[in-house]
S.K.: 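What follows is a single structure, and I will ask about it in a moment.
First the proteins, then the strands, lettered A, B, ... as listed; each starts at 1. Quick caveat, the model's predicted, so the values are computed rather than measured. Heavy-atom basis, side chains included; hydrogens, waters and symmetry copies ignored.
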Amino acid sequence: MSVLLEVSELRASYGAVRVLHGLDFVVNEGEAVVILGANGAGKTTTLRALSGMVETSGHVHFDGHSIVGSRSEQISRIGIAHVPQGRGTIVDLTVAENLRIGAYRRRDREVAADIERWYDVFPKLEARADQQAGNLSGGEQQMLAIARALMSRPKLVLLDEPSLGLAPIVTQELFRTLGELNHTEGLSMLIVEQNANLALGIGSRGYVLETGSIVVSGTTDELAGDDGVRRAYLGV
Amino acid sequence: MVSRRQTQVIGLVMSIIVLVLLIWLPHHNGSTNTLRWAQVLYIGVAAMGLNLLTGYNGQVSIGHGAFFGVGAYTSALLMHNHGWSFLPTLLVAAPLCFLVGVLVGFPALRVKGLYLALVTLGLAVLFPDLTKKYVHATGGTNLVSLNRGELSPPAWVPTSVSAIGRDDQWAYYVCLGAAVVLVIAALLIVRSRFGRALIAVRDHESAAASVGINAARVKVMAFALSALYAGIAGSCSVLVTHLANAEKVQTFQLSIEFLVALVIGGTATVVGPLLGAWLVVTLQHWISDTLPQHVGSLGPLKRVLGDPAASPALFGIMLILFVFVLPDGVVGGFRRAWARFVRNRNQTPHHAPAPLAT
Ligand SMILES: Nc1ncnc2c1ncn2[C@@H]1O[C@H](COP(=O)(O)OP(=O)(O)OP(=O)(O)O)[C@@H](O)[C@H]1O
Ligand SMILES: [Mg+2]
């Protein structure tokens with residue numbers, strides 16, 4: 001397995017406040033990696049640091065590029081797609097337009113075919129193709145944000161708490177879909193979650209983040225067996 | 001059933017009817033009215049430009065009077081000092097305003113919301129001073145006024161056929177031509193990839209950046225295009241008012257008028273700004289010219305409404321009422337009414353069951 005994303009000594013700050021204190025982790029090609037952490041641990045900040053949305057220092061190598069200090073749109077162009085926390089859709093564009101904007105940088109002729117493909121995966125989106133994204137339910141918007149990210153044909157998808165605000169059934173369905181994408185397409189993912197049960201279910205390895213530092217790492221089975229993790233994130 | 005397609009066809013038919021009416025309008029109207037309609041058109045064009053920036057891209061400007069002024073001065077000076085006829089001046093004014101828009105757009109990247117509004121307000125305040133320093137027209141003032149000869153239509157315009165060559169009609173048709181071209185351009189822009197990017201940057205800048213949109217470039221382009229629209233409007237205004245002028249109050253007032261036209265017409269809609277411009281010009285005309293003539297019959301209100309100082313206040317009150325009744329502008333109100341109509345139509349099986357076989 002070759003390394004797709006290699007992060008070392010990653011620090012990030014908001015103004016004078018340092019939030020990440022030197023993270024080291026890797027995502028291999030075709031792997032789904034999970035980062036667990038409580039509220040305020042720095043999960044969102046980690047993903048924002050990877051996509052160039054906060055002040056960052058350290059080393060991040062992705063697919064042969066060094067990306068610390070690059071702008072978001074440049075990072076997106078080399079193949080990292082980011083599904084932000086909360087409703088990451090463009091609310092005033094229609095569902096179909098949101099998908100097309102996901103392909104903003106693509107020049108090939110397969111955009112329409114890809115849209116159909118994600119409609120097959122998320123049939124709810126097709127039914128509402130011409131409606132404004134702002135009128136969708138929270139879960140539908142989450143699916144749209146994911147489908148939009150995939151429209152760029154990324155090599156790596158960053159998912160920021162995809163389960164946030166979704167009904168348990170919807171969350172399960174969503175994670176099943178993500179798992180399938182990972183297994184059948186070999187799509188690499190970095191998933192940030194508080195819902196450890198589901199996230200550990202589809203990931204192969206994971207890290208636990210506490211106040212800006214990684215405190216535990218291992219395979220998802222190891223994490224699921226770790227006493228600290230079980231107490232903090234699995235509620236057992 | 002009223003389908004999307006049918007809605008589009010109805011829209012197209014309506015635009016053609018409106019266009020025919022607009023082409024026919026000067027034959028029906030006297031010179032004063034024709035020029036007032038020309039004014040509606042150029043204010044509408046400037047408001048459309050502001051719409052690309054503020055409505056679609058979310059950058060508020062209350063300084064568009066300055067871009068309008070750049071267009072007006074460019075055309076007026078080229079005609080007055082260099083003997084150009086009007087149309088070629090647009091080829092200079094439009095790119096120049098675009099460029100000025102780029103120059104303003106870059107520093108504007110650093111500020112947002114209210115702060116951006118303040119910076120653009122500064123632009124409206126600064127512009128008259130610049131013209132006073134660099135424009136030396138009659139009597140050392142910054143007022144460039146043009147005579148009939150300088151404003152006359154080019155030789156190829158038929159003077160006999162339906163009197164298009166009459167000064168007021170020439171001015172009107174130029175404004176109409178500019179408005180039609182720029183409405184079509186705006187339609188194409190907002191439905192293009194760039195148009196989607198404008199909205200994406202407005203709604204969710206970091207999500208826009210994360211699909212690869214260069215938000216900074218999109219914002220600067222929005223400024224530039226918007227300035228180009230306002231500049232062309234300014235150029236056209238010279239044909240109507242026969243002058244280019246920049247006083248502080250006037251530049252500021254124009255900027256506000258564009259914003260008012262945009263808001264009461266409907267932000268982020270293509271025709272809204274034109275409807276808004278029509279309302280602004282008509283309301284102002286009605287308050288300052290029509291109302292005083294009838295004020296005699298108003299009895300006790302006469303003292304209040306007859307006072308010239310009352311007209312801005314009256315205008316303000318009407319705007320407040322307007323925004324109260326139609327919070328999302330004329331177009332927004334119309335859309336809601338239309339949606340209700342479509343919904344009712346589509347539910348008619350409720351009243352008249354559809355036949356099983358046809
Ligand atoms: N824009 C900001 N400016 C200043 N501080 C911030 C900002 N965003 C986040 N922080 C701080 O950074 C820390 C980490 O925040 P972050 O959003 O990364 O947490 P998180 O792990 O994603 O939490 P949650 O599970 O609640 O989403 C928090 O202490 C937060 O207060
Ligand atoms: Mg978060």
Side-chain angles (χ1 to χ4, degrees), chain A residues 44 47-48 50-54 70-94 96-107 111 129-135 141 144-154 156-160, chain B residues 1-8 51-52 54-59 109 187-222 266-270 272 328-329 331-332 335-336 338-339 342-343 346:
Chain A
T44 296
L47 297 192
R48 290 174 62 85
L50 295 178
S51 15
M53 295 173 184
V54 285
S70 301
R71 291 197 310 269
S72 301
E73 73 266 13
Q74 295 169 326
I75 293 171
S76 129
R77 255 176 271 174
I78 58 171
I80 298 184
H82 188 149
V83 181
Q85 181 169 358
R87 305 190 174 187
T89 55
I90 313 295
V91 291
D92 290 307
L93 292 181
T94 64
E97 286 170 332
N98 263 277
L99 293 176
R100 290 181 66 178
I101 213 155
Y104 189 77
R105 285 285 157 199
R106 283 173 55 186
R107 298 279 181 204
V111 173
D130 288 328
Q131 289 192 29
Q132 290 200 332
N135 298 340
Q141 290 203 36
L144 178 57
I146 294 170
R148 189 191 58 210
L150 297 173
M151 281 300 296
S152 66
R153 294 195 170 173
L156 173 68
V157 192
L158 311 178
L159 292 147
D160 196 343
Chain B
M1 277 292 267
V2 183
S3 70
R4 215 178 143 77
R5 174 118 225 132
Q6 276 168 312
T7 312
Q8 281 172 349
N51 192 24
L52 288 175
T54 304
Y56 286 97
N57 196 224
Q59 303 191 74
L109 287 175
L187 269 173
L188 295 177
I189 290 171
V190 302
R191 291 183 184 173
S192 69
R193 175 171 173 270
F194 174 71
R196 289 193 290 274
L198 282 177
I199 294 174
V201 168
R202 175 195 69 190
D203 281 0
H204 203 316
E205 191 168 333
S206 66
S210 74
V211 295
I213 296 172
N214 185 335
R217 188 188 295 161
V218 167
K219 284 176 156 185
V220 171
M221 269 302 282
T267 53
T269 65
V270 171
D328 45 1
V331 174
R335 276 195 187 148
R336 270 183 287 128
W338 179 247
V342 170
R343 193 164 60 233
N346 290 354

S.K.: Listed by chain and number, what are the side chain to side chain donor-acceptor pair (under 3.5 Å) partners of Arg100(A), not counting sequence neighbours?
M.R.: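 None.
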S.K.: Between Arg196(B) (side chain) and Ile101(A) (backbone), is there a donor-acceptor pair under 3.5 Å?
M.R.: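 The answer is no, because no donor-acceptor pair under 3.5 Å joins these two groups.
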S.K.: Side chain, backbone, both or neither: which part of Ala197(B) has an atom under 4.5 Å from a heavy atom of chain A?
M.R.: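 For Ala197(B), the contact with chain A is made by backbone and side chain together.
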S.K.: For Ser76(A) and Ser210(B), work out which heavy atoms get closest and say how close.
M.R.: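 Ser76(A) and Ser210(B) have their closest heavy atoms at CB-O, 3.4 Å.
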S.K.: Counting heavy atoms not belonging to Arg191(B), are there more than 12 under 6.0 Å from its CZ?
M.R.: no
S.K.: Quick one: closest heavy-atom pair of Arg71(A) and Asn214(B), and the distance?
M.R.: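 Looking at all heavy atoms of both residues, the closest pair is NH2-ND2, 3.9 Å.
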S.K.: Could you pull out the closest heavy-atom pair between Ala207(B) and Ile90(A), with the gap in Å?
M.R.: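 Shortest heavy-atom separation between Ala207(B) and Ile90(A) comes out as CB-CD1, 4.4 Å.
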S.K.: What residues form a side-chain contact (heavy atoms from CB on, under 4.5 Å) with Val331(B), not counting sequence neighbours?
M.R.: Thr269(B), Val271(B), Leu275(B), Arg335(B)
S.K.: Do you know which of Ala149(A), Gly88(A), Ser152(A), Ser51(A) has the most heavy-atom pairs with chain B at a distance under 4.5 angstrom?
M.R.: Gly88(A)
S.K.: Is there side-chain contact between Asp92(A) and Arg202(B), with at least one heavy-atom pair below 4.5 Å?
M.R.: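 Yes, close enough: below the 4.5 Å cut-off.
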S.K.: Pick from Met53(A), Arg48(A), Met151(A): which one has the most heavy-atom pairs with chain B under 4.5 Å?
M.R.: Met53(A)
S.K.: Would you say that more than 12 heavy atoms from the other residues, nucleotides or ligands in this model lie under 6.0 Å from the CZ of Arg217(B), or not?
M.R.: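 Not more than 12 within 6.0 Å, no.
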S.K.: On a heavy-atom basis, which atom in Tyr104(A) and which in Val218(B) lie closest, and how many Å separate them?
M.R.: OH-CG2, 4.5 Å
